[in-house]
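Atoms within each ligand, like the ligands themselves, are counted from 1 in listed order.
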Amino acid sequence: MKRIGVLTGGGDCPGLNAAIRAIVRTAVGLHGWEVLGFRDGWRGVMRGDVRELTVESVQGILHRGGTILGSSGANPYHEGGIERVRTTFRDLGIEGLIAIGGEGTLGAAAHMSEEGLAVVGVPKTIDNDLSGTDSCIGYHTAVQVATDAIDRLHTTAESHNRLMLVEVMGRSAGWIALAAGLAGGADMILIPERPFDVDEICAHVRRRHLRGHSFSIVVVAEGAVPVEGTFELPEYPTDERGFPRFGGIAHHLAPVLEQRTGFESRVTVLGHVQRGGAPCAEDRILATRLAIAATDLVEAGRWGQMVGVRGPDIVDVPLGEAARIRRVPEELYRVAEVFFDT
Ligand code: F6P
């Protein structure tokens, strides 16, 4: 009987359980294989820490946020554990593994695949910044959470004539800021792809007020950067994966904007609220489709690929190409810009 493994790695997001459920229902329910779920991402693979996933064990999880397998940023390449990964595959008799993850998890998967290990990838990250797919599991839910927050902030901003800064996630790419800002009618959106100039933000806010608006909403991606030499941001500490631990840029900007414009400012940092709770319908469907496509790749023995979505189609691309950062294109930012100054 065929036996495969599955893991969820990196930051969690809504829709992971929908993906695990679809893998198990297809692999066990349809094909009669065995599926072992590794605990806490690559850490579980290095330690051989598994539980068997049965059709019964994935009942009732479709709508649940988080991941029943747990997750971590552990990376065998940072911890000298690639031999342990091989040993686990051998000891457990695993033919191959489905890794559900973002840049870090799938980057490791890409290396392993080059070294001859049988891995297939499924893209997840609320940041939505992986190449090889139009969207990643979790992104749509995060955008909805951020949009709902912006809607709520609008009414209180208006009542108090305030400048509201809303900080959303997005380490290297501003997909959430852009989408939620567009959907929520933001007056300005700051993303990593477009370095900001504080003078320009102030001038823009003043123009809005001169045109009769009494408040402004500025959406800031956590990884936004100033035009070089125009504004000092503190160094961010790094996490276990070596990525900067962002959070708080809006707190640095707000007092400066308030002082220069004279408009009272307030900050909301949405943080992990964007990653928690139930997945929206779109993420459940995306996770289900991607998971089934990944299981199909396993069945066909097409290792080393990541499944993705392109328009209406499910596609697959080599893991090495997929685990690269995909940034917001200029033309999409221009759509948002139309609403900054009109
Ligand atoms: O999953 C991506 C992400 O949500 C980033 O946007 C954010 O910077 C990071 O994860 C936060 O990770 P952690 O849960 O380790 O604080």
Side-chain angles (χ1 to χ4, degrees), residues 7-19 40-43 65-67 69-75 78-79 99-109 121-133 135-147 149 166-181 189-193 219-225 233-252 267-277 279-280 283 286-287 290 306 322-328:
L7 67 81
T8 51
D12 75 335
C13 69
L16 290 174
N17 285 327
D40 302 335
W42 290 117
R43 182 179 299 146
T67 160
L69 292 176
S71 194
S72 78
N75 183 331
H78 297 169
E79 297 163 44
I100 310 171
E103 186 196 357
T105 305
L106 297 187
V122 176
K124 72 82 222 171
T125 164
I126 65 162
D127 288 6
N128 204 39
D129 58 0
L130 282 177
S131 300
T133 185
S135 14
C136 301
I137 299 170
Y139 168 64
H140 297 290
T141 309
V143 169
Q144 194 57 57
V145 170
T147 303
V166 192
E167 182 177 317
V168 298
M169 282 186 170
R171 241 183 345 226
S172 319
W175 289 100
I176 300 176
L178 201 280
I189 304 170
L190 313 182
I191 61 174
E193 292 85 342
V219 177
V220 193
E222 61 181 357
V225 287
L233 279 177
E235 284 272 305
Y236 294 102
T238 47
D239 65 15
E240 59 176 333
R241 294 164 284 184
F243 293 131
R245 186 176 293 159
F246 287 113
I249 185 172
H251 284 293
H252 293 287
V267 170
T268 303
V269 179
L270 291 178
H272 291 78
V273 167
Q274 296 159 95
R275 270 180 23 194
C280 66
D283 272 328
L286 178 67
L290 291 177
M306 182 195 85
R324 289 196 209 122
I325 294 295
R326 184 178 66 106
R327 298 201 155 79
V328 172

Checklist entry - Do Tyr236 and Arg245 touch side chain to side chain, with heavy atoms closer than 4.5 Å? => result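 Tyr236 vs Arg245: side chains apart.
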
Next on the checklist: Do Leu233 and Ile249 make a side-chain contact, defined as non-hydrogen atoms from C-beta onward lying under 4.5 Å apart?
Outcome noted: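 Counting from C-beta outward, Leu233 and Ile249 do come under 4.5 Å.
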
Checklist entry - Taking any residue with a non-hydrogen atom under 4.0 angstrom from an atom of ligand 1, which ones do you get? => result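 Ligand 1 pocket, heavy atoms under 4.0 Å: Ile126, Asp127, Met169, Gly170, Arg171, Glu222, Arg241, His272, Arg275.
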
Item to check | Atom pair CD (Glu167) and CD1 (Ile176), whose distance is rounded to the nearest 0.5 Å | outcome: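 Atom-to-atom, Glu167:CD and Ile176:CD1 are 11.5 Å apart.
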
Item to check | Geometric cation-pi criterion Arg327 and Trp175, 6.0 Å radius, 45° cone | outcome: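 Cation-pi check for Arg327 and Trp175: fails.
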
Next on the checklist: So, using salt bridge (Lys or Arg N to Asp or Glu O under 4.0 Å) as the criterion, who are the partners of Asp12 when residues are at least two apart?
Outcome noted: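 Arg275.
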
Checklist entry - So which of Asp127, Val269, Thr125 actually passes side-chain contact (heavy atoms from CB on, under 4.5 Å) with Met169? => result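 Between Met169 and the candidates, side-chain contact (heavy atoms from CB on, under 4.5 Å) is satisfied uniquely by Asp127.
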
